[in-house]
Structures are given as C-alpha cells and as structure tokens.
Amino acid sequence: MSKGKSDKLTVIGHLDELRQRLLKSLIALVITTLISLLFAKQIFNILIAPAGDINLIYIELTEMVGTYMKVALASGIVLATPYLIYHLLMFISPGLTQKEKKYVYLILPWVTLMFIAGVIFGYFILVPPATKFLISFGSDIAIPQIKIGNYISIVTRLLLCIGAVFETPVVILFLARLGIVTPKMLSSKRRHAMVTAFILAAIITPTFDPVNQSLVAAPLIVLYEMSIWLAKLVQRREPQFVTAAPSPLSQH
C-alpha cells in the first residue's frame with residue numbers, strides 16, 4: 001500500500017474514532033440531562049438558596065420550560081464531565097507513550113475532584129455576594145423583579161466557568177509531566193498570568209465591582225502558583241551525562 005493511501009486511511013480512522021467518541025459523549029450527556037430533569041425542582045431550590053430571600057418571576061409563556069431545560073443541561077454537563085474528559089483524553093492518547101498514558105488515568109479522578117471543588121467554591125463564595133450586589137444595586141430607585149431565566153443563566157454560567165478554571169493545576173501538572181511546560185517557563189509568565197486572571201474574572205463575574213472580581217481573580221492566581229509548585233515536583237529531569245576524564249594514554 002502506498003504511503004499516501006496509508007496516511008489517508010489513518011486520517012479516516014481518526015475521524016471515525018472522533019465521530020464515535022462524540023456520539024458516546026452526546027449519548028452520555030443526554031442521559032445525565034434526562035436524569036437531572038427528574039430532579040429539576042430540587043436543583044432549582046439549590047441554585048436559588050445562595051440568593052437568600054428572593055422572589056423570582058417569569059413573564060414569557062415558554063420561559064419556565066426553557067429554564068427547566070437549561071438547569072437540566074447544566075446539571076447534566078456537571079454529571080457527565082468525567083466521562084466527557086475521559087473520551088477527550090482517550091482520543092489524544094494514541095499519540096502518547098505507554099508511560100504517558102498511565103498519567104492520563106492518574107489525573108482523571110483529580111479532574112473530577114477539581115471541577116467539583118470549583119463548583120462548590122463558586123456556590124458558597126462567589127454566588128452569594130454577587131447576587132446580593134446585583135439585587136441591591138439601584139433598589140432604592142426601582143423595585144427589583146428578577147426573571148428566573150436570567151438568574152439561572154447567570155448562576156449556572158458562573159458555576160460552570162469556575163469549575164472549568166479550577167482544572168488549571170491538573171492540566172499544568174499533566175503538561176509538566178510530559179515535559180511540555182517547565183516551572184521556569186511558568187514562573188517567567190507569572191505577570192501575564194495575573195493579568196489574565198483579572199481579565200477572566202471580569203468575563204466570568206456577572207458584576208463589575210472590584211470586590212467580586214477579586215474573589216474570582218484571587219483563587220485563579222493561587223491556582224497558578226500551585227501549578228508552578230506542582231510542576232516542580234513532577235518535572236522531567238534530564239539525564240546527566242558525566243564526561244569521562246581523558247585517559248593518560250590518549251594524551252601521548
């Protein structure tokens with residue numbers, strides 16, 4: 001078989017594998033979304049709790065249906081995240097060595113734990129002050145009547161983004177173990193990372209006040225510093241070659 005045909009078959013094989021993994025991921029997401037839909041009311045209560053005593057309204061005929069689906073989908077993504085990441089890593093694993101594949105299996109539990117940690121952090125630390133600020137801002141001028149669709153959109157986006165951002169140490173740990181990044185490289189980019197943290201905070205945070213944005217930026221910076229420390233622990237050490245002393249005979 002010619003090299004061109006072999007390369008073509010390889011590309012087709014990769015595309016077929018990608019299709020199968022996307023299909024499996026989609027099926028998993030549908031299943032977790034349907035499961036979440038059964039518990040949508042309980043999930044609603046959980047999402048609304050951080051806002052305290054708040055009266056939510058809906059003014060459009062289809063708004064509650066859409067909001068129910070949005071809550072179920074967000075919860076489905078959270079539940080399916082480990083499975084989705086597994087298929088992503090398995091898709092890129094053929095390009096890894098057997099030893100590097102071992103690292104993939106080792107980081108999978110940490111991927112799940114860090115995502116959950118990010119969601120918990122967002123739920124207890126970020127959502128309460130953010131919602132309090134948004135509800136009280138301008139309330140002396142107008143009576144706030146918050147649409148439930150708007151509230152759910154803001155809260156679910158915030159929680160999913162924070163969960164994703166908390167994966168930073170795991171991703172950098174993996175890249176450092178593969179030798180793609182080094183602690184020295186990460187340290188040299190520290191200033192850029194701090195600026196990026198505040199830019200991400202401004203994008204993620206629904207409020208524009210510096211206090212809430214700092215609540216997002218601060219853990220991002222801490223996570224980056226943690227990543228540097230972890231990279232130092234697992235960085236690949238280059239083999240040290242000892243130059244043999246010249247033989248006395250070779251000098252004659």
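In M69, the CE atom is not crowded: 12 or fewer heavy atoms of neighbouring residues, nucleotides or ligands sit closer than 6.0 Å. The neighbour count for L15 CG, taken as heavy atoms of other residues, nucleotides or ligands under 6.0 Å away, is above 12. More than 12 heavy-atom neighbours from other residues, nucleotides or ligands sit within 6.0 angstrom of OH on Y224.
Listed for the S187 side chain is no donor-acceptor partner under 3.5 Å among the backbone atoms of K184. Judged by distance alone, the side chain of R21 and the main-chain N or O of L88 form no donor-acceptor pair under 3.5 Å. Distance alone, capped at 3.5 Å, is enough to place a donor-acceptor pair between the Y123 side chain and the I46 backbone. One N or O on the side chain of T182 and one on the backbone of M185 form a donor-acceptor pair closer than 3.5 Å. For Y68 (side chain) and E63 (main-chain N/O), no donor-acceptor pair under 3.5 Å exists by modelled atom type. Counting only distance, with no hydrogens or angles, the side chain of T168 and the backbone of V165 share a donor-acceptor pair below 3.5 Å.
Taking 4.5 Å as the limit, every side-chain heavy atom of T207 sits out of range of all side-chain heavy atoms of F137. Side-chain contact between N150 and I148: absent, with no pair of heavy atoms (C-beta onward) separated by less than 4.5 Å. The side-chain heavy atoms of T32 and Y83, taken from C-beta on, include no pair separated by under 4.5 Å. Proximity of V170 to E167: side-chain heavy atoms (C-beta onward) are separated by under 4.5 Å at one or more points. A 4.5 Å side-chain heavy-atom check between Y86 and V111 finds every atom pair outside the cut-off. With contacts defined as side-chain heavy-atom distances shorter than 4.5 Å, the pair L56/K147 does not qualify. Using a 4.5 Å heavy-atom threshold, the side chains of V71 and S36 count as separate. Two residues are said to be in side-chain contact when any heavy atoms from C-beta on lie closer than 4.5 Å; F115 and L160 meet this criterion.
Side-chain contact, D16 with Q20: a donor N or O sits under 3.5 Å from an acceptor N or O.
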message: Using the rule given for side-chain contact (heavy atoms from CB on, under 4.5 Å), can you reason through I172 versus I228, listing the C-alpha separation, both sets of side-chain angles and the distance that settles it, and then say yes or no?
response: CA-CA 8 Å; I172 292 181; I228 297 175; over 6 Å; no

Could you walk me through whether I27 and K24 pass side-chain contact (heavy atoms from CB on, under 4.5 Å), step by step?
-> CA-CA 5 Å; I27 292 171; K24 290 178 181 178; 5.7 Å; no

side-chain contact (heavy atoms from CB on, under 4.5 Å), that's the test. Do F174 and V234 meet it? Break it down for me. CA-CA 9 Å; F174 182 62; V234 302; over 6 Å; no

Are L22 and L26 close enough, and set up right, to give a side-chain contact (heavy atoms from CB on, under 4.5 Å), and what steps lead you there? CA-CA 6 Å; L22 286 174; L26 181 60; over 6 Å; no

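Taking CD1 of I48 as the start and CG of N55 as the end, the distance is 10.0 Å to the nearest 0.5 Å. Here the CG-OG distance, from N212 to S214, works out to 8.5 Å after rounding to the nearest 0.5 Å. A distance of 10.0 Å separates CE of M90 from CD of E17, quoted to the nearest 0.5 Å. Atom OH of Y58 sits about 14.5 Å away from atom CD of Q145, to the nearest 0.5 Å. Taken from CG in L34 to CG in L73, the straight-line distance is 11.0 Å, to the nearest 0.5 Å. Rounding to the nearest 0.5 Å places CD1 of I85 at 8.5 Å from CD1 of I107.
Contacts classified as salt bridge (Lys or Arg N to Asp or Glu O under 4.0 Å) and involving residues 120-144 (residues at least two apart or in different chains) are not found.
Residue L126 forms a side chain to side chain contact (heavy atoms under 4.5 Å, CB included) with just one option from T205, L215, T131, and that option is L215.
Pairing each heavy atom of G149 with each of T67, the nearest pair is CA-OG1, 3.5 Å. I43 approaches S75 most closely through the heavy-atom pair CD1-OG, 3.4 Å. Nearest heavy-atom pair, P169 versus S227, reported as atom, atom and distance to 0.1 Å: CA-OG, 3.2 Å. Among all heavy-atom pairs drawn from K70 and S153, the shortest one is NZ-OG, 2.6 Å. Closest heavy-atom contact between P144 and S139: CD-CB, 4.2 Å. For the pair R157 and I203, the tightest heavy-atom approach, listed with the atom from each and the gap, is NH2-O, 3.8 Å.
Remark: N45 pairs with no residue by the side-chain hydrogen bond (donor to acceptor under 3.5 Å, both in side chains) rule, at least two apart or across chains.
M194 belongs to a hydrophobic cluster whose remaining members, ordered by chain and number, are F198, I221; membership requires side-chain heavy atoms of ILVMFWY residues under 4.5 Å apart, directly or through intermediates.
Residues V211 and I135 are members of separate hydrophobic clusters, defined by side-chain heavy-atom contacts under 4.5 angstrom among Ile, Leu, Val, Met, Phe, Trp and Tyr. Linking ILVMFWY residues whenever their side-chain heavy atoms come closer than 4.5 Å, directly or via other members, places L178 and V171 in the same cluster. Linking ILVMFWY residues whenever their side-chain heavy atoms come closer than 4.5 Å, directly or via other members, places M226 and I120 in the same cluster. L233 is connected to L173 through a chain of hydrophobic side-chain contacts under 4.5 Å among Ile, Leu, Val, Met, Phe, Trp and Tyr, so both are in one cluster. Criterion: ILVMFWY side-chain heavy atoms under 4.5 Å apart, direct or through other members. Under it, L79 and V155 are not part of a common hydrophobic cluster.
Aromatic rings from F91 and H87 are positioned such that their centres are separated by 6.0 Å or more. Aromatic ring centroids of F121 and F166 lie under 6.0 Å apart.
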